[in-house]
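Below: the structure, in structure tokens.
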Amino acid sequence: GPNEAEFIAYRILYFIYTKSTHSINRLLKSLYDHSDWSRKMRESAGVHHALEVRRAVHTNNYHNFVLLLQNVPNLGFHIMKQMLPRMRLSALQRMCKTYRPTLPGAFIKKELGFEDHNAPEKIVEVVKGMGVVFQDEEETLIACQKSFKPLIEYGRNLVTRRLKST
């Protein structure tokens, strides 16, 4: 039908969000079977975008993920928005391990999509909730070494809570 590609894009995004590896692999197999239908689907804006999101999530490329979040076709933003906390946590863990001794909050704000009008969360509240420790009273510099272990622990607690709820 006329909206088939749009809903395939939603399925791809949903499978990424739920980490349904088997389901997404089956869908990808059908999208790459060399038929006219699969070529047409891959060339559609929504499916192409969803495949780019898959690549960004799979490679843990938070920068591209945030860029893709700013230009989501149709209603895919609502699914991607659910993936954002997980991507931000992973990005913060990597950044705190890499950028030492401090990391400017302004960089985090831009790099993790806090500036976008679709993501109006207050950066300090969100990152403090994940365990980030600030170096200064103005809360503009993240203390990377002090933040790294709490971020890892926050991630472990998320996994533990998820396992207990299933």
Side-chain angles (χ1 to χ4, degrees), residues 1-32 37-99 103 105-132 142 147 151-152 154-163 165-166:
N3 298 335
E4 186 176 17
E6 177 183 353
F7 285 92
I8 287 175
Y10 296 149
R11 284 177 57 199
I12 294 168
L13 293 174
Y14 178 76
F15 291 153
I16 296 166
Y17 170 66
T18 59
K19 297 182 178 184
S20 302
T21 307
H22 180 72
S23 298
I24 199 164
N25 285 341
R26 270 196 353 245
L27 181 58
L28 289 175
K29 185 177 178 183
S30 72
L31 286 175
Y32 288 95
W37 174 86
S38 65
R39 184 184 46 73
K40 183 176 143 191
M41 289 299 118
R42 285 193 320 273
E43 290 173 354
S44 73
V47 172
H48 178 75
H49 180 273
L51 292 171
E52 289 298 313
V53 170
R54 181 190 170 275
R55 180 178 293 121
V57 170
H58 185 72
T59 59
N60 229 338
N61 188 333
Y62 55 85
H63 180 80
N64 281 352
F65 182 85
V66 170
L67 291 176
L68 289 163
L69 184 64
Q70 294 169 3
N71 297 306
V72 186
N74 305 311
L75 298 172
F77 173 79
H78 299 287
I79 301 171
M80 284 187 70
K81 187 170 61 173
Q82 300 303 311
M83 294 181 235
L84 192 55
R86 194 165 58 207
M87 288 299 288
R88 283 179 175 161
L89 174 63
S90 176
L92 280 168
Q93 290 170 341
R94 288 169 175 263
M95 287 177 185
C96 283
K97 188 173 184 177
T98 307
Y99 298 87
L103 185 59
F107 176 75
I108 295 291
K109 182 177 181 181
K110 179 179 181 271
E111 203 56 28
L112 300 184
F114 285 100
E115 289 181 335
D116 186 42
H117 67 280
N118 291 320
E121 304 95 333
K122 294 183 178 142
I123 182 173
V124 173
E125 291 174 25
V126 173
V127 298
K128 272 185 161 181
M130 293 179 185
V132 166
I142 293 172
S147 298
L151 284 167
I152 296 296
Y154 179 82
R156 281 191 192 122
N157 290 339
L158 281 181
V159 171
T160 304
R161 280 193 300 249
R162 224 176 294 136
L163 291 174
S165 68
T166 55

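By convention here, the first residue in the shown sequence is residue 1.
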Original post:
Is the NZ or CZ atom of Arg88 both under 6.0 Å from the centre of the six-membered ring of Phe114 and within 45° of that ring's axis?
Top reply: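 Arg88 over Phe114 ring: yes.
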I need the [X] [atom1] to [Y] [atom2] distance, nearest 0.5 Å.
| X | Y | atom1 | atom2 | value |
| --- | --- | --- | --- | --- |
| Trp37 | Ile8 | CH2 | CD1 | 4.0 Å |
| Leu92 | Leu103 | CG | CG | 8.0 Å |
| Ser20 | Arg11 | OG | CZ | 11.0 Å |
| Tyr62 | Met95 | OH | CE | 3.5 Å |
| Tyr32 | Arg39 | OH | CZ | 13.5 Å |

Original post:
Has the side chain of Ser44 got a donor or acceptor atom that lies under 3.5 Å from a matching backbone atom of Met41?
Top reply: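 Yes, because the side chain of Ser44 sits within donor-acceptor range (under 3.5 Å) of the backbone of Met41.
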Original post:
Can you check whether Leu31's main-chain N or O pairs, donor with acceptor, with Arg42's side chain at less than 3.5 Å?
Top reply: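 Indeed, once roles are kept as given, a pair shorter than 3.5 Å links the two residues.
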**OP:** In sequence, state the C-alpha distance, the side-chain angles, and the governing distance for Met87 and Val66, and then conclude on side chain to side chain contact (heavy atoms under 4.5 Å, CB included).
**Re:** CA-CA 9 Å; Met87 288 299 288; Val66 170; over 6 Å; no
Using every non-hydrogen atom in the two residues, find where [X] and [Y] come nearest and quote the distance to one decimal.
| X | Y | value |
| --- | --- | --- |
| Leu13 | Met80 | CD2-CG, 4.0 Å |
| Ser30 | Leu27 | OG-O, 2.7 Å |
| Ala56 | Leu68 | CB-CD1, 4.2 Å |
| Leu51 | Ile12 | CD2-CD1, 4.0 Å |
| Asn60 | Ser90 | OD1-OG, 2.9 Å |
| His49 | Pro73 | CG-CD, 3.5 Å |

Original post:
Taking NZ, NE, NH1 and NH2 as the nitrogens, is one of them in Glu52 or Arg55 under 4.0 Å from a carboxylate oxygen of the other?
Top reply: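 Counted as a salt bridge, because a side-chain N and a carboxylate O are separated by less than 4.0 Å.
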Subject >> Exercise: do Glu111 and His63 side chains pair donor with acceptor under 3.5 Å >> reply: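 Present: a donor and an acceptor within the cut-off.
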Would a 4.5 Å heavy-atom cut-off, applied to side chains only, mark [X] and [Y] as touching?
| X | Y | result |
| --- | --- | --- |
| Leu112 | Val127 | no |
| Tyr17 | Val57 | no |
| Cys96 | Ile142 | yes |
| Leu28 | Arg54 | yes |

**OP:** Could you walk me through whether Leu89 and Leu158 pass the side chain to side chain contact (heavy atoms under 4.5 Å, CB included) test, one step at a time?
**Re:** CA-CA 11 Å; Leu89 174 63; Leu158 281 181; 3.9 Å; yes
Original post:
Parallel, tilted or perpendicular for Phe7 and Tyr10, by the 30°/60° rule?
Top reply: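 Rings of Phe7 and Tyr10: perpendicular, over 60°.
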